[in-house]
Amino acid sequence: MLLEPLILTLKLDEDTQSYFDQLREMYFPPERNYLQAHLTMFHKLPGEHEAEIFGDIEEACLRESFSLSVTGLRFLGKGVAYELTSPKLAALRKRLATSWRPWLGAQDSQGFKAHVTVQNKVAPKQARALYRELSAAFTPFEAQGTGLSLWRYVGGPWEPVDTRFFAER
């Protein structure tokens, strides 16, 4: 029996989450903005393997929270995203991808470039203008990865499955 696919996101510290949510509220088309800002680690995991996936998430969350650098912006053609880098995030993502390799589709098997999209599905001219505006005012900053959230894709909106927080420092 096939179940709805699962999505895995990195949970960000409250201040960073609030900042990206505000930008998304300002710049994302309102009729498409039914999700909070998010950093997707895996886009389509098989729902029928939820128990195994959740076990791996619980194990992954035994590690301490870690910092990420918000390093700049990325023009997406029809949107804009903030780029984030973290060796610890990259290592965690690689470890999970190795464990889940037999289940991964093309999008999740590709290279991973962490980002948070604040605008998407707009005219390229509008996206280019926002990219220039945000880039001109951008100053790098640090964020904190605080846990992992698992979601069920239900044809548009995401249904929360569970969130696990990383161990305290």
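Since the structure is predicted, the reported quantities are computational estimates derived from the model, not experimental observations.
Taking the side chain as every heavy atom from C-beta outward, Ile7 and Leu150 never approach each other to under 4.5 Å. Proximity of Tyr82 to Val118: side-chain heavy atoms (C-beta onward) are separated by under 4.5 Å at one or more points. Taking the side chain as every heavy atom from C-beta outward, Phe166 and Leu92 approach each other to under 4.5 Å. By the 4.5 Å heavy-atom criterion applied to side chains, Gln144 and Leu12 are not counted as neighbours. Lys121 has its side chain out of reach of Lys78: every pair of non-hydrogen atoms, C-beta onward, lies at least 4.5 Å apart. With a 4.5 Å cut-off on side-chain heavy atoms, Leu45 and Leu8 count as touching.
Remark: Trp158 engages no residue in a side chain to side chain donor-acceptor pair (under 3.5 Å) (not counting sequence neighbours). Phe28 is linked by a ring pair (Phe, Tyr, Trp, His ring centres under 6.0 Å) to nothing, counting only residues two or more places apart in sequence or in another chain. Gln17 pairs by the side chain to side chain donor-acceptor pair (under 3.5 Å) definition with Asp21, not counting sequence neighbours. Applying the side chain to side chain donor-acceptor pair (under 3.5 Å) test to Ser18 and every residue at least two apart in sequence or in another chain returns Gln22. Listed by chain and residue number, nothing satisfies the side chain to side chain donor-acceptor pair (under 3.5 Å) test with Ser86 (two or more places apart in sequence, or in another chain).
Leu35 is not connected to Phe20 by any chain of hydrophobic side-chain contacts under 4.5 Å among Ile, Leu, Val, Met, Phe, Trp and Tyr, and they are in different clusters. When hydrophobic clusters are built by joining Ile, Leu, Val, Met, Phe, Trp and Tyr residues whose side-chain heavy atoms come closer than 4.5 Å, directly or via intermediates, Leu39 is grouped together with Val161. Cluster annotation: Phe165 and Leu10 are assigned to distinct hydrophobic clusters (Ile/Leu/Val/Met/Phe/Trp/Tyr, side-chain heavy-atom contacts under 4.5 Å, transitive). Both Ile53 and Leu89 belong to a single network of hydrophobic side chains, linked directly or stepwise wherever heavy atoms of I, L, V, M, F, W or Y lie under 4.5 Å apart. Both Leu148 and Leu104 sit in one connected hydrophobic cluster of ILVMFWY residues. Membership requires side-chain heavy atoms under 4.5 Å apart, directly or through other members.
Around CD of Glu52, the count of heavy atoms belonging to other residues, nucleotides or ligands within 6.0 Å exceeds 12. Within a 6.0 Å sphere centred on CD of Glu14, heavy atoms belonging to other residues, nucleotides or ligands number 12 at most.
Between Ser149 and Thr163, the shortest heavy-atom contact is OG-OG1, 2.8 Å. The heavy-atom pair separating Asp56 from Ser99 by the smallest distance is OD2-OG, 3.2 Å. Between Gln119 and Ala127, the shortest heavy-atom contact is OE1-CA, 3.3 Å. Nearest approach of Val122 to Pro29, heavy atoms of both residues: CG1-CG, 3.6 Å.
Cation-pi geometry between Arg128 and Phe75 is met: the NZ or CZ atom falls under 6.0 Å from the ring centre, inside 45° of the normal.
Judged by distance alone, with hydrogens and angles left aside, the side-chain atoms of Arg63 form a donor-acceptor pair with the main-chain N or O of Ala60 at under 3.5 Å. Without hydrogens or angle criteria, Arg93 side chain to Met41 main chain gives a donor-acceptor distance under 3.5 Å. Checking side-chain atoms of His49 against main-chain N and O of Gly47 turns up no donor-acceptor pair under 3.5 Å. When atom types are taken as modelled, the side chain of Arg164 and the backbone of Ile57 share no donor-acceptor pair closer than 3.5 angstrom. Formation of a donor-acceptor pair under 3.5 Å by the Ser109 side chain with backbone atoms of Gly105 is found in this model.
Phe141 pairs with exactly one of Val70, Leu68, Asp15 by the side chain to side chain contact (heavy atoms under 4.5 Å, CB included) rule, that one being Val70.
In this pair, Trp100 and Phe42 present their aromatic rings perpendicular. The plane angle is above 60°, beyond the 30 to 60° band.
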Legend entry - Chi angles and distances behind the side chain to side chain donor-acceptor pair (under 3.5 Å) call for Asp13, Thr146: CA-CA 6 Å; Asp13 65 272; Thr146 61; over 6 Å; no
Inset, instruction - Would you sort out whether Asn33 and Arg24 count as a side chain to side chain donor-acceptor pair (under 3.5 Å), showing the intermediate values? - result: CA-CA 8 Å; Asn33 193 22; Arg24 191 172 168 102; 2.9 Å; yes
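To the nearest 0.5 Å, the span separating CG on Leu84 from CZ on Arg74 amounts to 9.5 Å. Note that the NE2 atom of His115 and the OG1 atom of Thr117 stand 3.5 Å from one another [nearest 0.5 Å]. For the atom pair NZ of Lys44 and CH2 of Trp103, the computed distance is 15.5 Å after rounding to the nearest 0.5 Å.
Electrostatic pairing of Lys88 and Glu64 does not count as a salt bridge here, judged by no charged N lying under 4.0 Å from a carboxylate O.
For residues 94-118, the pairs satisfying salt bridge (charged side-chain N to carboxylate O under 4.0 Å, His left out) are Glu59-Arg95, with sequence neighbours left out.
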